[in-house]
A.B. asks: 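Okay, here's the structure, questions in a sec.
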Amino acid sequence: MKQTPGISGKLFHALGRNGINVRAIAQGSSEYNISVIISREDLNKGLNAVHDAFFVELNKTLHLFCLGTGNIGSTLFSQLLKHSDFLQEHNGIQVRVMGISNTRKMIFNEDGISLENWREELESSNEKADLSEFVGRMKLMNLPNCIFADNTASLKPIEYYKEIFSSNISIVTCNKIGNSASYEQYKLFKDTARIHGVDFFYETNVGAGLPIVKTLKDLMISGDRLLSIEAILSGTISYIFNNYKGDITF
C-alpha cells in the first residue's frame, strides 16, 4: 500500500461487491500489509474475489448459473465456447458455467461444466430439476462474481429474483415477465440490485437484443428528456411489414 493510493479501497470494494462483511481491520504501520477478519464461511469466496481484483495475471472469473437450455440457452453456451479465448485475451474475463437446469434435470460442477459436452452431462444427470434447490445450491456455493442467467419465458424464476439479488448475485435475463408486470415489481428488482451492488441486465427484453435500453439510459444520464417513443416492438409484425409487397391482402 505504501505510496500507492486506492489499494485498501480496491480491497474493500472487491469484498463488499460480493457481499462479504468485514468484522475487523488491522493495518501495519509500515503500510506494507493490511489484515481483515471475515466469517469462515466467506473465506474461499473472499480470497478468490481479492485475487481477481489484484493479480493481473489472473482473469476475472464470472461464475454462471444458467436456467433454460432451449434455443437461447444452447446458443449462449455455443457463444461462450467459441469466444472464450477472445474474452480472456481482450476483456480479461473467464466465464465458468457452474450449474445448468432445464425443466427436467439439473447439474452442478464446482470445477465448471464443460461446454463441449454439457448436453450429454445434463441428460445423464440423476438430479431432477427443482428451481428452489437450484437457487439454494447456487447460494450455498458462495462464489464471487456470481451471475444467474434466466433463459426462460417462465413466471417461476421471477419469484426468486429478489432473493437472488439479496444474495449479492447478478441477474442477466431474456425473460420479459419480470419487467412487464407491475411497476412496483420492476422497481423492487432495480432497488434490490442497487442496494446489494449487483447488476440487472435485460437488454433482450426489448428489440431482440438491439441496444435500445442502454441507449435510452445513456440519453437520460446525459440529461436528455424523452418526449415520446415510436417503435414496432413485435418481431412478428416487423417481419410482416418488411416482407409485405402489396400483391396479396392481409
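Everything numeric in this text was worked out from a predicted model, so none of it was measured.
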A.B. asks: Running the 4.5 Å side-chain criterion over Ile, Leu, Val, Met, Phe, Trp and Tyr, what cluster does L227 land in, apart from itself?
C.D. replies: none
A.B. asks: Is there a donor-acceptor contact under 3.5 Å from the side chain of K45 to the main chain of N18?
C.D. replies: yes
A.B. asks: Give me the other members of the hydrophobic cluster that I37 sits in, counting Ile, Leu, Val, Met, Phe, Trp and Tyr linked by side-chain heavy atoms under 4.5 Å, directly or via other members.
C.D. replies: none
A.B. asks: What distance separates K190 NZ from F200 CZ, expressed to the nearest 0.5 Å?
C.D. replies: 7.0 Å
A.B. asks: Between N142 and E41, is there a donor-acceptor pair closer than 3.5 Å when you use the side chain of the first and the backbone of the second?
C.D. replies: yes
A.B. asks: Within the 4.5 Å heavy-atom criterion, are N33 and S35 side-chain neighbours or not?
C.D. replies: yes
A.B. asks: What I want to find out is whether K105 reaches E121 closely enough, with some N-O distance under 4.0 Å, to be called a salt bridge.
C.D. replies: no
A.B. asks: Might you confirm whether atom CG of N126 has over 12 heavy atoms from other residues, nucleotides or ligands at distances under 6.0 Å?
C.D. replies: no
A.B. asks: Starting from L122 and following side-chain heavy-atom contacts under 4.5 Å between hydrophobic residues (I, L, V, M, F, W, Y), which residues can be reached?
C.D. replies: L62, L64, L76, F77, L80, L81, L87, I93, V95, V97, I100, I107, I113, L115, W118, I147, V172, F201
A.B. asks: Just so I know, are the side chains of K60 and N145 near enough to count as touching, which here means a heavy-atom distance under 4.5 Å?
C.D. replies: yes
A.B. asks: Measuring from M98:CE to T61:OG1, what's the distance to the nearest 0.5 Å?
C.D. replies: 9.5 Å
A.B. asks: Taking a hydrophobic cluster as the set of Ile, Leu, Val, Met, Phe, Trp and Tyr residues connected by side-chain heavy atoms closer than 4.5 Å, whether directly or through intermediates, do I38 and F54 fall within one such cluster?
C.D. replies: yes
A.B. asks: Do the charged groups of D52 and R17 touch, with an N to O distance under 4.0 Å?
C.D. replies: no
A.B. asks: Indicate yes or no: does K139 engage E163 in a salt bridge with an N to O separation below 4.0 Å.
C.D. replies: yes
A.B. asks: Any donor-acceptor pair under 3.5 Å linking the side chain of N48 with the backbone of N44?
C.D. replies: yes
A.B. asks: To the nearest 0.5 Å, what is the distance between NZ on K82 and OG1 on T75?
C.D. replies: 11.5 Å
A.B. asks: Is it the case that more than 12 heavy atoms not belonging to D224 sit under 6.0 Å from its CG atom?
C.D. replies: yes
A.B. asks: Please check if any side-chain donor atom of Y244 sits under 3.5 Å from a side-chain acceptor atom of Y239, or the reverse.
C.D. replies: no
A.B. asks: Side chains of I164 and V135: closer than 4.5 Å at any heavy-atom pair?
C.D. replies: yes
A.B. asks: Run the salt-bridge test on E127 and R137 with the 4.0 Å N-O cut-off and return the result as yes or no.
C.D. replies: yes
A.B. asks: For K156, I'd like to know if atom NZ has over 12 heavy atoms of other residues, nucleotides or ligands within 6.0 Å.
C.D. replies: no
A.B. asks: Looking at CG of D150 and OH of Y161, how far apart are the two atoms once the value is rounded to the nearest 0.5 Å?
C.D. replies: 3.5 Å
A.B. asks: Hydrophobic cluster membership, with links at side-chain heavy-atom distances under 4.5 Å among I/L/V/M/F/W/Y: are L155 and Y202 in one?
C.D. replies: yes
A.B. asks: Excluding sequence neighbours, so at least two apart, what forms side-chain hydrogen bond (donor to acceptor under 3.5 Å, both in side chains) with N205?
C.D. replies: N179
A.B. asks: Using side-chain heavy atoms (C-beta onward) and a distance below 4.5 Å, is D85 in contact with E89?
C.D. replies: no
A.B. asks: Hey, are the side chains of I229 and L216 touching, using non-hydrogen atoms and a 4.5 Å cut-off?
C.D. replies: yes
A.B. asks: For the pair F189 and F165, name the ring-plane relationship: parallel under 30°, tilted 30 to 60°, perpendicular over 60°.
C.D. replies: tilted
A.B. asks: So for atom CD, which belongs to E120, do other residues, nucleotides or ligands contribute more than 12 heavy atoms lying within a distance under 6.0 Å?
C.D. replies: yes
A.B. asks: Please check if any side-chain donor atom of T215 sits under 3.5 Å from a side-chain acceptor atom of D218, or the reverse.
C.D. replies: no
A.B. asks: What about the rings of F148 and F65, do their centers lie closer together than 6.0 Å?
C.D. replies: no
A.B. asks: Report the hydrophobic cluster partners of L43, with the cluster defined as I, L, V, M, F, W, Y residues connected by side-chain heavy atoms closer than 4.5 angstrom, directly or transitively.
C.D. replies: none
A.B. asks: Under the 3.5 angstrom rule, does the side chain of S125 hit a backbone N or O of M106 as a donor-acceptor pair?
C.D. replies: yes
A.B. asks: Does R96 use its side chain to pair, donor to acceptor, with the backbone of D111 at less than 3.5 Å?
C.D. replies: yes
A.B. asks: Taking E203 for its side chain and I212 for its backbone only, find out whether a donor-acceptor pair lies under 3.5 Å.
C.D. replies: yes
A.B. asks: Quick one: does S182's side chain have a donor or acceptor within less than 3.5 Å of a partner on Q185's backbone?
C.D. replies: yes
A.B. asks: Going by the rule side-chain hydrogen bond (donor to acceptor under 3.5 Å, both in side chains), which residues pair with R119 if we only count those two or more places apart in sequence or in a different chain?
C.D. replies: none
A.B. asks: Grouping I, L, V, M, F, W and Y whenever their side-chain heavy atoms are under 4.5 Å apart, do I195 and I171 come out in a common cluster?
C.D. replies: no
